[in-house]
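Just so you know, residue 1 is the first one in the sequence shown, and it goes up from there.
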Amino acid sequence: VQLQASGGGLVEAGGSLRLSCAASGRTFSSYVMGWFRQAPGKEREFVAVINWSGGNTYYADSVKGRFTISRDNAKNTVYLQMISLKPEDTAVYYCAACRTYGILANKYEYWGQGTLVTVSS
C-alpha cells in the first residue's frame, strides 16, 4: 500500500483544515488507518485511528472533540478533519496503515510522506 497525504498548510489559531490520505491498491478496506504527528524536536505521537469499516474510531485526548477521522473505502481515502486548531497542533501529520486495530506507531506497516500543518497564534 502506498499512501499520499495532503491538505496541510498554514492556518490561524481557531481555524480548520482537512487532511486527506489517498491509498493505492485494491486492499484499502483491509487496513486500519491511523493519523500520527510529529512536532519539531518531539517524538511522533498518535492522533487518531479508524477501523476497517469506519465504524470504530479512537482519538488522543489532546485532539478529542476537535478532530474527526473518517474514511471512504470506495475512494481509497482517509480524512482528518481538524477544527479549533491550536498552535500546539503544529506538526508534520502522517497517515499510516495497519492490519490490526491499535495506536502504537511501531505496529503500522505503511506510512505516507507527511504533510505539514502550521497553526499561528
Review point. If only atom types and distance count, is the side chain of Asn51 paired as donor or acceptor with the main-chain N or O of Asn56 below 3.5 Å?
Key: yes
Practice item. First locate atom CD of Gln38, then atom CG of Leu116, and finally report the distance between them rounded to the nearest 0.5 Å. Key: 12.0 Å
Practice item. For side chain to side chain contact (heavy atoms under 4.5 Å, CB included), just list the numbers for Lys75 and Ser20, CA-CA rounded to whole Å, side-chain angles, deciding distance to a tenth of an Å, and then say yes or no. Key: CA-CA 11 Å; Lys75 295 183 178 180; Ser20 298; over 6 Å; no
Point to revise | Verify same cluster id: Phe36, Val32 (apolar side-chain graph, 4.5 Å) | key: yes
Check your understanding: Taking everything shown except Lys42 itself, do over 12 heavy atoms lie less than 6.0 Å from its NZ?
Key -> no
Check your understanding: Which pair of heavy atoms, one from Val11 and one from Leu85, lies closest together, and at what distance?
Key -> CG1-CD1, 3.6 Å
Exercise for review: Please lay out, stage by stage, how Phe28 and Val1 fare under the test side chain to side chain contact (heavy atoms under 4.5 Å, CB included).
Suggested key: CA-CA 8 Å; Phe28 177 72; Val1 175; 5.6 Å; no
Review point. How many angstroms lie between OH in Tyr108 and CG in Leu3, if you round to the nearest 0.5 Å?
Key: 11.5 Å
Check your understanding: Would you say Gln113's side chain and Ala5's backbone share a donor-acceptor pair under 3.5 angstrom?
Key -> yes
Practice item. Provide the closest heavy-atom pair for Met33 versus Cys21 in the form atom of the first, atom of the second, distance. Key: CE-SG, 4.4 Å
Review point. For atom OH of Tyr59, is the number of surrounding heavy atoms from other residues, nucleotides or ligands below 6.0 Å larger than 12?
Key: yes
Study note, to complete from the structure: Scanning both residues in full, the closest heavy-atom pair of Ser84 with Ser16 reads N-OG, 4.4 Å
Practice item. Please check if the side chain of Trp111 supplies one atom and the backbone of Ala96 the other of a donor-acceptor pair under 3.5 Å. Key: no
Point to revise | Test item: Thr57 side-chain N/O and Ile50 main-chain N/O as donor-acceptor pair under 3.5 Å | key: no
Review point. Are Lys86 and Asp89 within salt-bridge range, i.e. N to O under 4.0 Å?
Key: no
Practice item. Is it possible for you to check whether Lys107 lies under 6.0 Å from the centre of the six-membered ring of Tyr101, through NZ or CZ, and within 45° of that ring's axis? Key: no
Exercise for review: Please report the shortest heavy-atom distance between Leu19 and Gly8, naming the atom on each side.
Suggested key: CD2-N, 3.6 Å
Practice item. Examine Val63 and Val117 and state if one hydrophobic cluster contains both, with Ile, Leu, Val, Met, Phe, Trp and Tyr joined whenever side-chain heavy atoms are less than 4.5 Å apart. Key: yes
Exercise for review: Count the heavy atoms belonging to other residues, nucleotides or ligands that lie under 6.0 Å from CD of Gln2, then report whether that count exceeds 12.
Suggested key: no
Review point. Which heavy atom of Ala13 sits nearest a heavy atom of Ser121, and at what distance?
Key: CB-CA, 4.4 Å
Review point. Of the non-hydrogen atoms in Asn73 and Ser29, which two are nearest, and what is the gap between them?
Key: ND2-CB, 3.6 Å
Exercise for review: Compute whether any side-chain donor of one residue and acceptor of the other, for Tyr31 and Arg99, lie under 3.5 angstrom apart.
Suggested key: yes
Exercise for review: Only counting residues at least two apart or in another chain, list the ones meeting side-chain contact (heavy atoms from CB on, under 4.5 Å) with Ala22.
Suggested key: Thr77
